[in-house]
Amino acid sequence: MARGIYLLEEVYFHPMNSTNPREYLQWLVDYKKEDEQRADSDAELTKGLSVRSRAIDLIGAFYAIGITGHEQFKAVTLWDCHGGWDGGWRQQLEIYNGVKPELFLSNIDDLRHKAFSRPMGAVLGTPDLQELRTEKYTAPFFLHEIAQVRPGAAQDYLAAVREERAPILADHGHRLVGLYEVMLSDTEVVTFWGTDIDSHLQTQRAYDAAVGLDAEASADPRLVEWRKTARQYLDGPWRETLLAPFPGSVLAPK
């Protein structure tokens, strides 16, 4: 089986018109639902909706929860490239071949201010997002980590997350959704976890109690030990933020 290839995109909206993220996410979710009826090999570059393809699969469409550390306003999308490099990823590259007029997305002009994309490769232990889709897994919130690691340490860090951190977070109501090495670079990783408000709060309080800052919660010293372990691989910023799945998207509760 070929390596799973994914794309994470962060889309920013400026000025701070709060209707723009909603309009963008609704537009995206609606037309990608239509694409689910296509065959993986059926890709078409259109004037208003970019490339129409089932193999470029919108698994996650999220509104960023600004109070957890996001620049506001922001949308985050998670795409599964069916067939890996030779499948959905190839289809995405092909739309740039010749820079055709249809490449430019007239249907969403003036909605987005800027966007940033991360191509990502799955590592051992990463759940298959198509299996999550078949299972109809959903969660009300998702924890999203982006971390800068030492050059060449991405897979080592993600292996440590899989072996050490995942069981700890599972005990606190977090389900592993993705372990990703950011491709075309060697210093960045992304992790995704499904969770809910109560589990998020329990985890934060268990950490606080473990460092002596919450006398009313049950401490979990493993959370503190993990931070120490993580520092063996990190070489720069590390941040976790929360995302809310947009209604109608694959990972959003029905």
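This one's a predicted model, so the numbers in the text were calculated from it and none came from an experiment.
The pair Asp57-Arg133 counts as a salt bridge, with a side-chain nitrogen and a carboxylate oxygen less than 4.0 angstrom apart. Using a 4.0 Å cut-off between charged nitrogen and carboxylate oxygen, Lys33 and Asp30 do not count as a salt-bridge pair.
Between Leu223 and Thr203, the closest side-chain pair of non-hydrogen atoms falls below 4.5 Å. Looking only at side-chain heavy atoms (C-beta outward), Lys114 and His14 stay at 4.5 Å or farther from each other. No side-chain heavy atom of Trp89 sits less than 4.5 Å from a side-chain heavy atom of Met183. Side-chain contact between Leu158 and Thr191 is present, with heavy atoms from C-beta onward closer than 4.5 Å. Annotation: side chain of Ser53 is not in contact with side chain of Arg38 (no heavy-atom distance under 4.5 Å). The shortest side-chain heavy-atom distance between Lys32 and Trp79 falls under the 4.5 Å cut-off. Residues Glu164 and Glu225 form no side-chain contact, since every pair of their non-hydrogen atoms from C-beta on lies 4.5 Å or further apart. Within the 4.5 Å cutoff, the side chain of Arg150 has no heavy atoms near those of the Tyr157 side chain.
Qualifying side-chain contact (heavy atoms from CB on, under 4.5 Å) partners for Asp156, counting only residues two or more places apart in sequence or in other chains: Tyr233. Remark: Arg222 pairs with Ile168, Asp171, His172, Asp220 by the side-chain contact (heavy atoms from CB on, under 4.5 Å) rule, at least two apart or across chains. Under the rule for a side-chain contact (heavy atoms from CB on, under 4.5 Å), the partners of Lys254 that lie at least two apart in sequence or sit in another chain are Thr138. With sequence neighbours excluded, the residues satisfying side chain to side chain donor-acceptor pair (under 3.5 Å) with Tyr207 are Arg227. For Glu216, the side-chain contact (heavy atoms from CB on, under 4.5 Å) partners two or more places apart in sequence, or in a different chain, are Arg205, Asp214.
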- Message: Is there a side-chain contact (heavy atoms from CB on, under 4.5 Å) between Asn20 and Arg112? Walk through the geometry before answering.
- Response: CA-CA 8 Å; Asn20 284 354; Arg112 303 177 300 172; over 6 Å; no
- Check against side-chain contact (heavy atoms from CB on, under 4.5 Å), Trp226 and Val161: CA-CA 9 Å; Trp226 165 251; Val161 171; 3.6 Å; yes
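Here Met120 is tied into one hydrophobic group with Tyr6, Leu8, Ile59, Phe62, Val76, Leu78, Leu129, Leu132, Tyr137, Phe142, Ile146, Val177, Tyr180, Val182, Val190, Phe192, Leu243, Leu251, each link being a pair of ILVMFWY side chains closer than 4.5 Å.
Only one option out of Glu188, Glu9, Glu181 pairs with Arg118 in a salt bridge (charged side-chain N to carboxylate O under 4.0 Å, His left out); it is Glu188.
One N or O on the side chain of His70 and one on the backbone of Leu242 form a donor-acceptor pair closer than 3.5 Å.
Around the CZ atom of Arg162, the shell of radius 6.0 Å holds more than 12 heavy atoms that belong to other residues, nucleotides or ligands.
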